[in-house]
Every structure is written in structure tokens, then in C-alpha cells.
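Accompanying notes for the structure given below.
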Protein chains: 2
Amino acid sequence: MKSREDIRNHLRRQRLLADGMTQQDLADRVGVTRQTILSIEKGKYNPSVGLAMRLAQVFGIAVEELFELGEGGGHD
Amino acid sequence: MKSREDIRNHLRRQRLLADGMTQQDLADRVGVTRQTILSIEKGKYNPSVGLAMRLAQVFGIAVEELFELGEGGGHD
DNA sequence: TGCGAATGTATATTAAGCTTTACATAGTGT
DNA sequence: ACACTATGTAAAGCTTAATATACATTCGCA
């Protein structure tokens, strides 16, 4: 049973590393609302790859450094 | 004017490099339907980062090697 | 002590990812 | 000619990402 995606992210850590960038600042830079950033940080959902890449780009890191799969082995 | 995401992908190329893996095989390995793979290949949409990472993992490459942002500069 | 800035919670609504089913076309082999 | 496999198209439906709005909390600061 793996209906929920189970993805970890280091958004908050990176924001803090980036001179304490706020959720709103980050949202503006990638073109989404603050709610979206907050929900991703809280693990409430699994963003599109486009958004994920823009986020990683803001921090100058790879997508895989910002998001991690749950490593449940298979896909189910 | 970049409301639509505009993401390029190298899914087909990678499939062919991977010994001609079929859309169905790939779909099975990442746990989605063939339609989903086809639609992504055709650029009809922008998968979730979870799926993008599983796809990249199948080919042993980074997400950024499989998907590319439109490079429109900003987010609009 | 009260204001503003940053984060969190809640809920309702819209947009888009993904599934399911069904059919159509092109290539391959017998 | 017929069957089989891989790919493409299309539409209906479900689930979830993302928006919008509103309010609550904590903190620093004038």
C-alpha cells in the first residue's frame, strides 16, 4: 500500500541556508503562492517536476538534493 | 507569457538507449499506466516530482538529465 | 502594548495529473 | 491475408496539486 507518495524534502533547510529566505519570497521566485510552498514543506503534496526544478534552481542544487524518494524499494 | 509549463523530456531517447524498453515496460517499472508514459513523452503534461525521480532512477540518470525547463528565464 | 512580518491551520474551489477503456494505425512475422 | 506487438488518439472520471481567502499564533521592535 503506497497510495501516498511519501517524499521527503529539504525546503526549509535550504531556505534557512539561503539567508533566511521567507516562504513568500521563495513562492514569488518560482511563481506559486505561499500556500503551495508551505504545503510542500509540510509534505502535504508532491509538486510537479517543473516546480521542483525551479525550486532546486533557486537554491543552486539538484532536484535529488531537495527531494528524496521514500525508498520503499518497488513502486507499490 | 509562460503560463503553460513548457518542459522538454528525453524519455523516448532513454527508452531506446535502454535496449528498446517499451512504454508498457517502463510504465510497469514506475507504477503508472502506459497512457501516463505516452502523455509525458508527448509533452502533454508535467509529471509529479515523485514520478520524475522514479523514471530517472530507472535509467540511472538525474532528473535534470531527463527533464529540462524551458529556460524562459523568469516564472511567467 | 500594539503593530507588522513570518508561519501555521482550515476550508472551499479550480486546474491538472493519472486511470480506464476503447479504438485506430503501422510494422513484423507466418 | 491474418495475428501480434508497439505506438498513438480520445474521452470520461477520479484524485490531487495549486489557488484563494480568512483567521490565529509567535516574535521582534518602536
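Just so we're clear, the structure is a prediction, and the values are computed from it rather than from any experiment. Below, chains carry the letters A, B, ... as their sequence lines are ordered, and counting in each starts from 1.
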### Task
Could you tell me whether the phosphate oxygens of C:dG8, OP1 or OP2, come under 4.0 Å of any side-chain nitrogen or oxygen in A:Gln23?
yes
### Task
Kindly indicate whether the side chain of A:Asn9, heavy atoms from C-beta on, has any atom under 4.5 Å from the side chain of B:Val49.
no
### Message
For C:dT19 and B:Thr36 - does any side-chain N or O of the residue sit under 4.0 Å from the phosphate oxygens OP1/OP2?
### Response
yes
### Query
Nearest to the side chain of A:Glu41, which nucleotide is it out of D:dT19, C:dC18, C:dG8?
C:dG8
### Position toward the 5' end of DNA chain D (nearest nucleotide), A:Leu51 or B:Gly20
B:Gly20
#### Entry: Phosphate OP1/OP2 of C:dT7: any A:Arg15 side-chain N/O under 4.0 Å
yes
### Message
Please determine whether a side-chain nitrogen or oxygen atom of B:Ser48 lies at a distance below 4.0 Å from atom OP1 or OP2 of C:dC18.
### Response
yes
### Message
Taking the side chain as everything from C-beta on, heavy atoms only, tell me whether A:Glu64 gets closer than 4.5 Å to A:Leu69.
### Response
no
### Query
How long is the gap from CZ on B:Phe67 to CG on B:Leu11, to the nearest 0.5 Å?
5.5 Å
### Query
CD/A:Gln23 to CD1/A:Ile40 distance, rounded to the nearest 0.5 angstrom?
10.5 Å
### Message
Counting only side-chain nitrogens and oxygens, does B:Lys44 get under 4.0 Å of the OP1 or OP2 atom of C:dA16?
### Response
no
### Task
List in chain and number order the residues that pass salt bridge (Lys or Arg N to Asp or Glu O under 4.0 Å) with B:Arg34, two or more places apart in sequence or in another chain; answer none if no residue qualifies.
none
### Task
Using a heavy-atom cut-off of under 4.0 Å over every strand shown, decide if A:Gln35 touches base, sugar-phosphate, or nothing.
base
#### Entry: Nucleotide nearest B:Tyr45 (side chain, heavy atoms from C-beta), chosen from C:dA10, D:dA10, C:dC18
C:dC18
### Query
Can you name the one residue among B:Glu65, B:Arg15, B:Glu68 that meets side chain to side chain donor-acceptor pair (under 3.5 Å) with B:His10?
B:Glu68
### Task
Look at the side chain of B:Arg34 and decide which nucleotide, out of C:dA6, C:dT19, D:dT9, has an atom nearest to it.
D:dT9
### Query
Are any of A:Arg12's side-chain N or O atoms less than 4.0 Å away from OP1 or OP2 of C:dG8?
yes
### Message
What's the angle between the local helix axes at either end of the helix from C:dT1-D:dA30 to C:dT30-D:dA1, using five pairs per end and rounding to 10 degrees?
### Response
30°
### Query
Side-chain N or O of B:Thr33 less than 4.0 angstrom from OP1 or OP2 on C:dC18?
no
